[in-house]
Amino acid sequence: MKIIVLLKRVPDSEAKILINKEGTGIREDGVKFVINTYDEYAIEEGLLMKEKVGGDSKVTVVCMGPDEATEAIRTALAMGADDAVHIADDSLSNPGPFTTATIMAKAIGDEEFDIIFCGKQAIDDDMAQVHCILAEMLDIPQVSVAIAFELSDDTTKATVSRRIEGGDEKIDTSLPVIVSCDKGLNDPRYASLPGIMKAKKKEIRKKSLADLGFSEIPGGGRSRILKWLPLPKGGECRMVEAEETPDAVRELVRLLREEAKVI
Amino acid sequence: MTADGIALLVILLGVLSAFAFVLRLLVRSLKLGKPEDRFDRWGERIWSVIVYVGAQARVLTQLAGLGHFIIFYGFVFISLGTFEHIGGMISPGFSYASIFGAKIAGMISWVQDVLGLLVLGAIIVSLFRRFVLKPLRLQIDDPKAKKEAVFILCLIFVLILLMFGMKGAGILMDPPKVDRAYAPVSAVVAGLIDGKADPHILERVFAWIHHVIIFYFLIFIPFSKHIHILGAVPNIFFRNLGPGGTLSRMDFEDESAEKFGNSEVRDFTWKQLLDLYACTECGRCQAVCPAYLTEKPLSPFRVIHMMRGHFVGDRQKLLEGGEEAEATPIIGKTVTEDEIWACTTCGACMQECPPFIEHVQKIVDMRRYLVMTESSFPHEMQPVFRNMEVNYNPWSMGFSTRADWAEGLDVPVAAEKQEFDVLFWVGCSGSFDTSGQSVARAMVEILKRAEVDFAILGVEEMCCGETARRMGNEYLAQTLIEANIENLNKYRFNRILTTCPHGFNTFSVEYPQFGYEKTVVHHSQFLLELAAAGKLAGTGNGSKGVYHDSCYLGRYNGIIDEPRELIKRSGAGELAEFGRRGKRSFCCGAGGGRMWMEETIGKRINEERVDEALALGVDTIYTACPFCMTMFEDGLKARDKEEEVKVKDIAEIF
Amino acid sequence: MTGDILVFGEIRNGELKKVARELVYGARTIAAGTGGSIDALIVGTGAETEAAKLASLGVRNIAVVDDEATANYSSEGYATVLADLVREGDYGYILLGATAMGRDLGARAVAKVDGVMFSDCVELGFEDGACIARRPVYSGKLYVEIAPTGGRPVFITIRPNNLPPAEETGDGGEVTARGAGIDLAAIRAIATEIAPLAGGRPDVTEADVIISGGRAMKDASNFKILEDLADLLGGAVGASRAAVDAGFAEQPLQVGQTGKVVNPKLYIACGISGAIQHLAGMRTSKVIVAINKDSNAPIFEKAHYGIVGNLFDVVPVLTEEIRKIL
């Protein structure tokens with residue numbers, strides 16, 4: 001079984017994210033970049049499937065990102081992925097979902113695969129689109145936000161559960177398929193030290209846009225960011241006070257509904 | 001030479017060669033272990049043997065140790081007598097009297113008699129302890145171990161009786177072989193057997209039985225717990241003379257290595273294997289082990305006992321099979337993962353151990369294997385490792401927020417100051433934990449008031465690596481240590497000041513393994529300096545308090561009086577003392593990474609300690625360690641006493 | 001391409017989701033700018049009857065698709081239906097709810113028509129001839145305002161409960177039934193069933209709302225008041241380590257350093273003081289509400305909203321007040 005895992009390097013979820021001076025993006029100083037959280041579930045699921053099917057099964061990581069993304073790729077290799085394709089091109093900065101999907105479709109088109117696993121979304125732009133666009137481009141089915149993945153014994157089909165509002169939706173899919181993974185799908189493993197050592201020697205095939213046959217950035221020019229805005233609310237806790245408890249509670253409910261918009 | 005002299009000589013030669021063979025096996029088995037340099041400081045090593053073997057200094061820290069002392073010296077003197085007697089049987093005419101004169105020989109005889117009597121008493125007391133008193137430290141869930149201990153005690157008892165029989169008969173012999181004047185106990189025995197049988201025959205019969213038992217003993221020793229007679233002396237000679245709180249530095253140079261840490265006999269060093277031969281099974285370790293005392297599966301006694309059994313069972317195979325031989329894994333059946341993770345690395349076991357066995361390193365070595373080779377550890381440890389890797393602290397706090405606690409306090413940062421006297425190492429707790437932050441703020445206030453020329457590393461500071469190291473993640477620990485050293489080397493300062501004993505210990509005794517040597521002071525020492533210089537004034541706190549010694553401060557580093565002195569100077573009220581204190585303090589339960597692990601088996605260690613404090617009727621518990629502080633706070637909450645009893649760091653009382 | 005807007009009305013369990021009305025509200029904002037009309041598409045079992053809910057909101061045409069091929073959800077099938085209609089109507093804007101279905105279907109459909117999509121938007125505006133969407137990025141640590149650069153259909157998914165529901169205008173839209181135009185046999189991934197959440201409550205790691213209790217809950221039976229609130233909001237019940245230790249709650253509910261790390265939209269901490277052990281597990285929740293009788297409790301430093309009071313007074317009232325508005 002050939003498994004592909006899509007990987008993105010993103011700021012650590014604990015990083016302080018601040019807008020840069022020019023107002024054109026975020027400040028990268030003081031930000032630690034790591035593997036996108038949800039991609040870890042994708043790597044783990046890929047490895048689990050490889051272990052389950054056995055034989056000449058293989059997990060290939062495909063990552064698009066700057067040279068520094070090598071560190072994230074090595075982490076995936078240390079966990080147990082077999083090899084990697086790293087699409088790095090200086091001209092690529094903050095590509096949109098269509099650009100990413102087009103380039104990845106080309107890169108993946110050169111590989112054999114039965115399943116593609118990826119994170120349900122990248123925690124930087126939070127678009128959650130690439131896997132769907134990629135599925136359409138590769139003409140394969142997709143399942144988003146998987147929390148359970150069960151491969152049929154003959155490895156031609158899978159049953160996937162995905163969390164929807166108020167329940168779990170079960171999807172039957174044929175292979176090949178692309179599955180975006182959510183927390184709860186599995187417990188990503190901690191890379192062993194021999195794994196880390198071995199990862200240093202595993203092959204990372206680096207590709208530029210030209211290598212993939214693109215003369216310019218594909219799929220771009222669809223949108224532009226007009227403004228970067230910090231969070232409207234300050235860090236202070238808003239203490240809701242009133243003479244009588246019920247009044248305070250009523251005010252809290254109003255704030256939660258109208259200001260925080262969470263109920 | 002008489003006929004039985006010849007027979008004895010033949011048997012003796014046989015026994016001695018068998019014993020030599022066994023000794024060779026033991027030495028060869030130790031060579032299965034990895035190298036470790038314990039061949040330095042000969043003077044101190046010899047002195048150790050004098051103090052801890054000769055004077056039995058550690059054995060005698062408990063009253064029961066007196067029994068051992070008596071049996072030990074009883075055995076020495078009786079062996080002298082055995083030697084003399086066997087010599088006499090093989091070569092008639094051989095006797096101490098003929099060599100040293102009657103006086104000295106008589107004194108030896110007298111001492112034998114008196115000690116023999118005392119040994120009998122000691123054995124009766126020992127059996128009484130085992131069967132009636134059943135002290136906690138002698139409990140082990142291996143029936144074989146107990147049987148063996150009783151068997152050996154009985155054997156010694158019989159040997160002593162036989163000796164008295166021999167000597168008693170010797171007194172009655174014509175001419176007397178033993179001088180009645182120098183054998184008060186044997187004289188009594190002589191009176192009892194007088195006229196019952198021919199003393200010459202009686203003497204021979206007793207002697208033969210006695211010597212056969214001794215021979216049996218000689219062969220039996222290496223396969224019983226009494227192997228400690230052979231193992232303990234060299235183990236004390238080769239003991240760790242360095243600081244106790246140091247773990248070995250691992251080498252990660254070999255990138256093709258498939259295995260890190262210890263999982264089988266050959267992964268341990270020869271000294272660690274010698275430890276196994278040295279265990280006396282006295283169980284003092286388990287009687288002080290916080291894990292054992294709170295019903296965890298871990299007992300340091302059991303770990304060593306089981307590992308020795310494992311070693312003995314595996315050594316022949318490994319010696320014969322050479323490098324190819326497949327060893328039996330230790331982790332699993334011999335020592336379980338639950339045991340390995342239950343250890344707080346508090347070191348109480350090592351503090352007590354008469355033959356200086358080093359338990360903690362072994363447990364950490366097995367953790368190293370589980371973490372780095374198998375990735376098998378309690379699930380709650382994974383986020384801790386990840387957080388340390390990414391954000392350099394055990395909690396999931398962004399590294400760039402590390403100095404947020406100092407906002408508005410105008411705390412000098414090393415990067416701006418470059419050169420200063422004291423580097424205040426805030427630590428992870430001081431940086432992120434609410435209680436720790438208030439300690440950090442209190443320290444800053446004190447430092448400013450006392451006009452100390454100091455700075456913090458700020459966001460450049462990372463976890464010191466102590467926890468990762470004790471959790472078995474040496475690779476991560478070294479990554480953090482090396483990164484910290486690189487940052488520390490950027491600035492010029494004289495001392496590192498920590499409020500955390502774990503950081504204090506690791507900077508003091510572990511960073512030097514990585515080439516970084518700097519004077520380190522714990523804030524209990526530093527504040528005392530300030531107080532002595534009149535730069536600190538106490539405000540008075542609480543009416544009755546108690547100070548809890550942190551393991552890594554008191555036991556490992558001997559800082560015991562300073563915090564107490566400081567508390568007194570702060571104008572605090574009455575200072576009670578725990579029964580378990582100083583070097584014998586009881587762990588709060590947080591060491592060895594336990595701070596970040598769930599404690600689901602048995603009683604919580606911190607609650608055990610809090611109960612001890614509550615029994616003292618105090619209103620303040622003073623700590624000098626952020627981990628201890630958290631554990632006490634949690635324990636007090638669990639007992640619903642957080643209102644009545646306050647936990648205060650020694651920096652918070654000025 | 002026209003300035004017309006297509007609203008996708010999602011059917012779950014035979015019912016039109018509430019967010020559809022909010023989408024119509026958003027569509028009006030865009031329509032005010034483009035001068036286009038608002039149409040709707042409803043796909044799934046019961047689409048025709050549910051269409052009435054949109055008919056009085058000034059929606060021009062409501063296309064309903066309810067046949068065998070759309071009885072169960074499939075990204076491929078639903079996206080084909082949507083893309084076909086988008087091409088047919090030459091829509092400039094397509095609005096969907098940022099739900100499990102909307103996010104999955106929208107991204108597949110936008111690929112089919114080679115458009116552009118903005119996900120999880122919370123606010124819409126219209127300036128200089130184009131719609132401007134505000135959406136959170138970096139897990140909600142920042143927002144961006146994003147606009148299409150023109151020439152392609154713009155798909156926008158909007159988070160439920162962010163826009164007000166469109167008010168009735170009385171204008172009746174025309175409901176037209178359409179065939180799905182897809183071959184069920186050609187669909188490779190399809191939903192077979194929806195299993196209601198086991199135990200009726202989501203896992204703490206997956207819940208959007210978590211009501212957590214600490215040691216101040218005093219007893220396991222008191223967790224009932226938290227469960228009532230959680231059930232009302234479709235959320236999970238969590239607990240601090242102290243509460244689990246005291247035996248008030250089961251270990252799987254434990255939130256914190258040694259328990260689960262959660263990231264819900266709403267976290268209500270009841271009687272939890274906020275030790276770092278707990279904060280490490282829930283700090284990144286979008287909105288944190290703290291209810292604690294100790295006004296100095298560290299939890300208030302991390303909370304967005306706080307009430308100082310006895311949780312046994314506050315929580316039942318909170319449940320009642322929320323019940324009133326839902």
Side-chain angles (χ1 to χ4, degrees), chain A residues 11 13 17 19 26 97 123-129 132-133 135-137 141-145 147 162-174 177 183-184 221-231 233 237-240 245-246 248-250 252-253 255-257 260-263, chain C residues 73 75-76 99-101 103-104 107-108 111-112 116-117 119-120 132 136-139 141-149 152 161-162 188-197 203 205-206 233-234 265-266 284 286-287 289 300-301 303-309 313-314 317-318 321-322 325:
Chain A
S13 57
I17 303 290
I19 299 166
I26 64 156
I123 60 165
D124 51 2
D125 67 12
D126 286 314
M127 282 289 204
Q129 296 175 20
C132 305
I133 301 170
E136 180 66 19
M137 288 174 170
Q142 77 199 44
V143 183
S144 303
V145 199
I147 53 161
R162 66 190 215 103
R163 179 56 46 84
I164 63 167
E165 299 78 16
D168 292 337
E169 188 172 62
K170 263 202 179 140
I171 307 256
D172 279 350
T173 179
S174 63
V177 62
K183 197 173 186 170
R222 287 166 201 250
S223 64
R224 62 198 167 94
I225 290 174
L226 307 174
K227 234 187 257 172
W228 289 78
L229 306 158
L231 281 190
K233 241 175 63 64
C237 177
R238 181 150 171 188
M239 301 305 284
V240 186
T245 301
V249 173
R250 262 190 288 280
L252 174 67
V253 172
L255 288 167
L256 290 178
R257 187 160 183 86
K261 295 180 176 163
V262 286
I263 52 174
Chain C
Y73 174 69
S75 333
E76 292 166 83
T99 60
M101 186 192 285
R103 301 173 96 202
D104 180 60
R108 182 94 191 201
K112 287 184 186 288
V116 61
M117 175 158 145
S119 307
D120 278 62
I132 298 171
V137 289
Y138 295 97
S139 310
K141 289 177 189 165
L142 297 178
Y143 284 91
V144 290
E145 284 188 357
I146 188 166
T149 43
R152 299 171 190 279
N161 298 330
N162 272 281
R188 295 159 293 185
I190 190 158
T192 53
E193 62 170 308
I194 295 174
L197 293 173
D203 188 80
T205 56
E206 291 159 1
L233 293 168
K265 294 195 177 94
L266 174 62
T284 53
K286 302 286 178 299
V287 174
V289 177
F300 288 117
E301 284 168 35
H304 302 94
Y305 300 99
I307 288 192
V308 176
D313 296 334
V314 175
V317 182
L318 185 59
E321 289 299 322
I322 293 175
I325 59 163

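Order of the sequence lines sets the chain letters (A, B, ...), proteins ahead of strands, with each chain counted from 1.
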Exercise. Heavy-atom distance under 4.5 Å to chain A: side chain of C/Val287, backbone, both or neither?
Worked result: side chain

Problem set entry | A/Thr245 side chain reached by C/Val314 side chain, heavy atoms, under 4.5 Å | yes

Exercise. Hey, what do you get for CD1 (C/Ile194) to CD1 (A/Ile164), rounding to the nearest 0.5 Å?
Worked result: 4.0 Å

For this session: Pick one of side chain, backbone, both or neither for C/Ile325, based on which atoms fall under 4.5 Å of a heavy atom in chain A.
Result: both

Exercise. Do A/Asp126 and C/Asp120 come within less than 4.5 Å of each other through their side chains, counting heavy atoms only?
Worked result: no

For this session: Considering only heavy atoms and a distance below 4.5 Å, find which of A/Lys183, A/Arg250, A/Lys170, A/Arg257 pairs most often with chain C.
Result: A/Lys170

For this session: Select one option (side chain, backbone, both, neither) describing which atoms of C/Leu233 are under 4.5 Å from chain A's heavy atoms.
Result: side chain

Exercise. Is chain A contacted by the side chain of C/Arg188, its backbone, both, or neither, given a heavy-atom distance below 4.5 Å?
Worked result: both

Exercise. Counting heavy-atom pairs under 4.5 Å to chain A, which of C/Met101, C/Arg103, C/Lys112, C/Lys286 comes out on top?
Worked result: C/Lys112

Exercise. If you count heavy-atom pairs under 4.5 Å between each of A/Ile19, A/Thr173, A/Val143 and chain C, which one has the most?
Worked result: A/Thr173

Problem set entry | Test item: A/Gln129 side-chain N/O and C/Met117 main-chain N/O as donor-acceptor pair under 3.5 Å | yes

Problem set entry | Pick from C/Val137, C/Ile190, C/Asp313 with the largest number of heavy-atom pairs that fall under 4.5 Å of chain A | C/Ile190

Seminar exercise, completed: Of C/Pro148, C/Ala189, C/Pro136, the largest count of non-hydrogen pairs under 4.5 angstrom with chain A goes to C/Ala189

Exercise. So what's closer than 4.5 Å to chain A heavy atoms on C/Thr192: side chain, backbone, both or neither?
Worked result: both

Exercise. Is a side-chain donor or acceptor of A/Lys227 paired with a backbone partner of C/Tyr143 at a separation under 3.5 angstrom?
Worked result: no

Exercise. Which bit of C/Glu193 is near chain A, if near means a heavy-atom gap under 4.5 Å: side chain, backbone, both or neither?
Worked result: both

Exercise. Ignoring hydrogens and geometry, is there a side-chain-to-backbone donor-acceptor pair from A/Gln142 to C/Asp104 under 3.5 Å?
Worked result: yes

